[in-house]
Amino acid sequence: MSIVTCKDISIEYDGKVAVDQVSFTIEQGDYLCIVGENGSGKSTLVKALMGLLKLKSGEIEINKELTLGGIGYLPQQADSQKDFPASVYEIVLSGCIKSKGLRPFYNVKEKQRVKDNLERLNIFDLRHKSYRELSGGQQQRVLLARALCATDSLLVLDEPVTGLDPVVTAELYDIIEELNRREHVTIIMVSHDVRMATKGANKILQMGRKVLFFGKTKEYINTSYAKALLGGGH
Ligand SMILES: Nc1ncnc2c1ncn2[C@@H]1O[C@H](COP(=O)(O)OP(=O)(O)OP(=O)(O)O)[C@@H](O)[C@H]1O
């Protein structure tokens with residue numbers, strides 16, 4: 001069943017086209033990796049999926065039945081956010097803000113959800129720590145736990161491993177793959193790392209303002225784009 005459908009979407013900044021007539025469909029349970037050079041429109045596309053940017057033309061359909069409660073979003077982290085003065089628990093709890101709505105306090109169910117996601121990402125013991133004191137990899141786990149509080153069905157991740165060392169990067173990719181394989185969370189992830197992306201994702205979208213490739217990873221690895229990026233070692 002389709003969870004996200006983009007039909008011919010175009011997005012501009014001050015009259016300059018950043019995303020040009022892009023169409024693709026994501027099915028429930030897919031793990032889509034969006035790849036492409038710097039400035040190819042990847043972040044713009046995911047911001048549009050989150051409803052954060054206005055489309056110039058085209059439409060995005062999100063299956064509301066499958067995304068009850070919303071979409072979990074892990075945006076690109078700016079350096080200033082790494083210093084955020086709040087505890088791990090508070091940050092993860094803020095992922096429940098949409099379900100809380102106008103109620104003044106979080107309820108038992110939401111607090112349980114926080115506990116479950118802290119355990120799921122193996123950071124329960126860090127819950128009282130200040131976010132700013134954590135390592136980059138721990139911070140990303142916290143943000144992933146927060147995103148999972150917003151949804152169990154669709155996670156949108158923008159470069160979740162930027163700045164992490166190779167071991168922590170591999171760990172984070174494994175967590176994301178597990179969420180997809182074992183817990184059937186649909187994943188849309190922007191990544192620079194084509195080798196890792198082609199390992200975990202079942203579908204690839206290569207952006208170059210337009211769609212340069214969209215389809216199964218198995219087919220992508222035989223394209224000239226993939227061969228150029230992966231070399232002979234794949
Ligand atoms: N807020 C903005 N205002 C004006 N132009 C922007 C803005 N954000 C992005 N752009 C431009 O839109 C184009 C696409 O940017 P985008 O950030 O989506 O690319 P990207 O593929 O995610 O790049 P990167 O891999 O470097 O993160 C670029 O030319 C960029 O300069």
Side-chain angles (χ1 to χ4, degrees), residues 1-13 16-78 81 94-95 97-99 140 143-144 146-162 172-173 176-177 179-180 183-194 197 200-217 220:
M1 201 189 297
S2 303
I3 192 160
V4 176
T5 307
C6 286
K7 289 185 193 160
D8 260 339
I9 63 166
S10 295
I11 303 158
E12 291 183 357
Y13 294 106
K16 201 169 155 257
V17 180
V19 166
D20 193 7
Q21 294 190 305
V22 165
S23 298
F24 63 91
T25 302
I26 307 294
E27 307 292 326
Q28 189 178 17
D30 272 349
Y31 178 168
L32 173 79
C33 196
I34 305 175
V35 298
E37 292 177 2
N38 291 122
S40 58
K42 305 181 297 295
S43 292
T44 301
L45 181 61
V46 296
K47 281 181 196 154
L49 293 179
M50 296 308 302
L52 300 172
L53 290 175
K54 205 168 156 266
L55 303 182
K56 168 98 190 332
S57 57
E59 57 181 314
I60 299 174
E61 282 169 17
I62 310 262
N63 188 325
K64 293 274 184 306
E65 272 171 53
L66 297 180
T67 55
L68 270 182
I71 305 174
Y73 180 42
L74 202 160
Q76 256 184 36
Q77 220 194 154
Q81 291 163 313
S94 71
I97 203 150
K98 201 165 169 207
S99 65
Q140 287 305 76
L143 297 181
L144 205 50
R146 177 181 186 271
L148 283 166
C149 281
T151 185
D152 258 337
S153 49
L154 175 60
L155 275 186
V156 177
L157 314 168
D158 194 348
E159 301 266 14
V161 299
T162 306
L172 208 68
Y173 276 124
I176 294 165
E177 206 173 322
L179 287 170
N180 175 252
E183 305 191 31
H184 312 292
V185 180
T186 306
I187 310 278
I188 298 178
M189 180 175 74
V190 173
S191 175
H192 266 116
D193 189 340
V194 175
N202 70 323
K203 286 189 182 160
I204 304 283
L205 171 62
Q206 171 125 18
M207 286 292 292
R209 277 211 314 246
K210 289 178 176 291
V211 175
L212 300 181
F213 175 91
F214 172 66
K216 294 200 172 109
T217 307
Y220 179 72

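Here the structure is a predicted model, which means the values were calculated and not measured. FYI, side chains are in, hydrogens and waters are out, and symmetry mates aren't considered; it's all heavy atoms of this structure.
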Non-neighbouring partners of D20 that pass salt bridge (Lys or Arg N to Asp or Glu O under 4.0 Å), sequence neighbours left out: K210
Which residues share a salt bridge (Lys or Arg N to Asp or Glu O under 4.0 Å) with D30, sequence neighbours left out: K203
Test ring-ring contact (aromatic ring centres under 6.0 Å, His included) applied to Y220 - qualifying residues, sequence neighbours left out: F213
Any residue meeting ring-ring contact (aromatic ring centres under 6.0 Å, His included) with F214, in chain and number order, not counting sequence neighbours: F24
I'd like to check the side chain to side chain contact (heavy atoms under 4.5 Å, CB included) partners of [X]; sequence neighbours left out, ordered by chain and number.
{"X": "N180", "result": "Y31, I187"}
{"X": "S23", "result": "D8"}
{"X": "T44", "result": "I11, Y13, A18, V19, L53"}
{"X": "H184", "result": "none"}

Check: T25 main-chain N/O paired with S2 side-chain donor or acceptor under 3.5 Å: no
Any donor-acceptor pair under 3.5 Å from S40 side chain to G208 backbone: no
Steps toward side-chain contact (heavy atoms from CB on, under 4.5 Å) verdict (I71, I188): CA-CA 11 Å; I71 305 174; I188 298 178; over 6 Å; no
Flag the pair [X] / [Y] as yes when at least one side-chain heavy-atom distance between them is below 4.5 Å, and no otherwise.
{"X": "L49", "Y": "C6", "value": "yes"}
{"X": "Q140", "Y": "L74", "value": "yes"}
{"X": "K42", "Y": "Q76", "value": "no"}
{"X": "D193", "Y": "V161", "value": "no"}
{"X": "L155", "Y": "L144", "value": "yes"}
{"X": "L45", "Y": "L205", "value": "yes"}

Distance check, rounded to the nearest 0.5 Å: [X] atom [atom1] versus [Y] atom [atom2]?
{"X": "L32", "Y": "T217", "atom1": "CG", "atom2": "OG1", "result": "8.5 Å"}
{"X": "Y73", "Y": "D158", "atom1": "OH", "atom2": "CG", "result": "5.5 Å"}
{"X": "E37", "Y": "M207", "atom1": "CD", "atom2": "CE", "result": "12.0 Å"}

Which pair of heavy atoms, one from [X] and one from [Y], lies closest together, and at what distance?
{"X": "P160", "Y": "I176", "answer": "CG-CD1, 4.1 Å"}
{"X": "R209", "Y": "V22", "answer": "O-CG2, 3.6 Å"}
{"X": "A201", "Y": "I204", "answer": "CB-CD1, 4.4 Å"}
{"X": "L154", "Y": "V185", "answer": "N-CG1, 4.3 Å"}
{"X": "E27", "Y": "T186", "answer": "O-CG2, 3.8 Å"}
{"X": "R146", "Y": "S94", "answer": "NE-OG, 2.8 Å"}

side-chain hydrogen bond (donor to acceptor under 3.5 Å, both in side chains) involving Q28 - partner list, sequence neighbours excluded: none
Partners passing side-chain hydrogen bond (donor to acceptor under 3.5 Å, both in side chains) against S191 (at least two apart in sequence or in another chain): Y173
Residue pairs involving residues 34-54 (criterion ring-ring contact (aromatic ring centres under 6.0 Å, His included); sequence neighbours excluded): none
Qualifying side chain to side chain donor-acceptor pair (under 3.5 Å) pairs with a residue from residues 48-61, counting only residues at least two apart or across chains: K7-E61
Residues, nucleotides or ligands: over 12 heavy atoms within 6.0 Å of E183 CD: yes
